[in-house]
Amino acid sequence: MDEFKPESAHDNFLRCFRAGDLEGLVALYESDATMVLADGTTHAGQAAIRAALGGFLAVGRNLELKTRYAARNGDLALLSNEWRLQGFDADGKALELSGRTAEVVRRHTDGRWRYVVDHPWGGQ
């Protein structure tokens, strides 16, 4: 996929996630980005997002992700994907998480798209 299309945010996220690259994942977010978790908890800023993403990585790296749509208006885009993560909880029991996202990304001067708002369950 063209790295300068909004959907490239999904490709970059999947690549970093499967590699276990937490810092690479965090770099895909703007410094003041927001992530919303399933329980409605909001994580603002890269430090908080790093902690949330670390929790997802702890489950495992078996992530599947498929872009549902990308609606673009200039340097902003609304994205959504369907995802499924399989792994293990802290007790070693098999665990599967899944959802449909609602995401906002912004194109930066280098042409790359970074997350402004990421809600992994926002498209349910």
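Every heavy atom of this structure was used, including side-chain atoms; hydrogens, water molecules and symmetry mates were not. What you are looking at is a predicted structure, and each value in this text was computed from that prediction instead of being measured.
Side chains of Glu103 and Asn81: a donor on one and an acceptor on the other come within 3.5 Å. In the model, Ser80 has a side-chain atom that pairs as donor or acceptor with a side-chain atom of Arg68 under 3.5 Å.
In this structure, Asp21 contributes its side chain and Gly24 its backbone to a donor-acceptor pair below 3.5 Å. A donor-acceptor contact shorter than 3.5 Å is absent between the side chain of Glu82 and the backbone of Lys66.
Between Arg114 and Asp110 there is a salt bridge, since a side-chain N of the basic residue sits under 4.0 Å from a carboxylate O of the acidic one. The residues Glu64 and Arg84 are annotated as salt-bridged, a charged nitrogen and a carboxylate oxygen being separated by less than 4.0 angstrom.
No more than 12 heavy atoms of other residues, nucleotides or ligands lie within 6.0 Å of CZ in Phe88, so this atom counts as exposed by the packing criterion.
Side-chain contact between Trp121 and Thr101 is absent, with no heavy atoms from C-beta onward closer than 4.5 Å. Looking at heavy atoms from C-beta onward, Val105 lies out of side-chain contact with Leu28 at the 4.5 angstrom threshold. Looking only at side-chain heavy atoms (C-beta outward), Leu85 and Phe17 come within less than 4.5 Å of each other.
Shown here are the salt bridge (charged side-chain N to carboxylate O under 4.0 Å, His left out) partners of Asp75, two or more places apart in sequence or in another chain: Arg107. Every salt bridge (charged side-chain N to carboxylate O under 4.0 Å, His left out) that Arg50 has, sequence neighbours left out, goes to Glu23.
Criterion: ILVMFWY side-chain heavy atoms under 4.5 Å apart, direct or through other members. Under it, Val59 and Val26 are part of a common hydrophobic cluster. Leu14 and Leu22 fall within the same hydrophobic cluster, defined by Ile, Leu, Val, Met, Phe, Trp and Tyr side-chain heavy atoms under 4.5 Å apart, directly or through other members. Cluster annotation: Val116 is not connected to Phe4 through the hydrophobic network of ILVMFWY side chains, with a link wherever side-chain heavy atoms come within less than 4.5 Å. When hydrophobic clusters are built by joining Ile, Leu, Val, Met, Phe, Trp and Tyr residues whose side-chain heavy atoms come closer than 4.5 Å, directly or via intermediates, Leu65 is not grouped with Val104. Residue Leu97 is grouped with residue Leu25 when hydrophobic side chains (ILVMFWY) are merged at heavy-atom distances under 4.5 angstrom, including chains of intermediate members.
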- Output, in order, the C-alpha distance, side-chain angles, deciding distance and verdict of side-chain contact (heavy atoms from CB on, under 4.5 Å) for Trp113 and Arg72. CA-CA 11 Å; Trp113 295 81; Arg72 181 177 172 182; 3.7 Å; yes
- Stepwise side-chain contact (heavy atoms from CB on, under 4.5 Å) check, Leu53 with Met35: CA-CA 10 Å; Leu53 290 172; Met35 177 182 276; 3.6 Å; yes
- Query: Given Arg15 and Asp11, is the side-chain contact (heavy atoms from CB on, under 4.5 Å) satisfied, shown in steps?
  - Reply: CA-CA 6 Å; Arg15 178 182 44 78; Asp11 294 330; over 6 Å; no
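Distance check: Asn62 CG to Glu96 CD gives 9.0 Å after rounding to the nearest 0.5 Å. We find the OG1-CG distance between Thr41 and Asp39 to be 3.0 Å, quoted to the nearest 0.5 Å. Rounded to the nearest 0.5 Å, atoms CD1 (Ile49) and CG (Asp118) are 7.5 Å apart.
Among residues at least two apart or in separate chains, ring-ring contact (aromatic ring centres under 6.0 Å, His included) pairs with a member in residues 20-48 are Tyr29-Tyr115.
Nearest heavy atoms, Pro6 versus Leu79: O-CD1, 3.6 Å.
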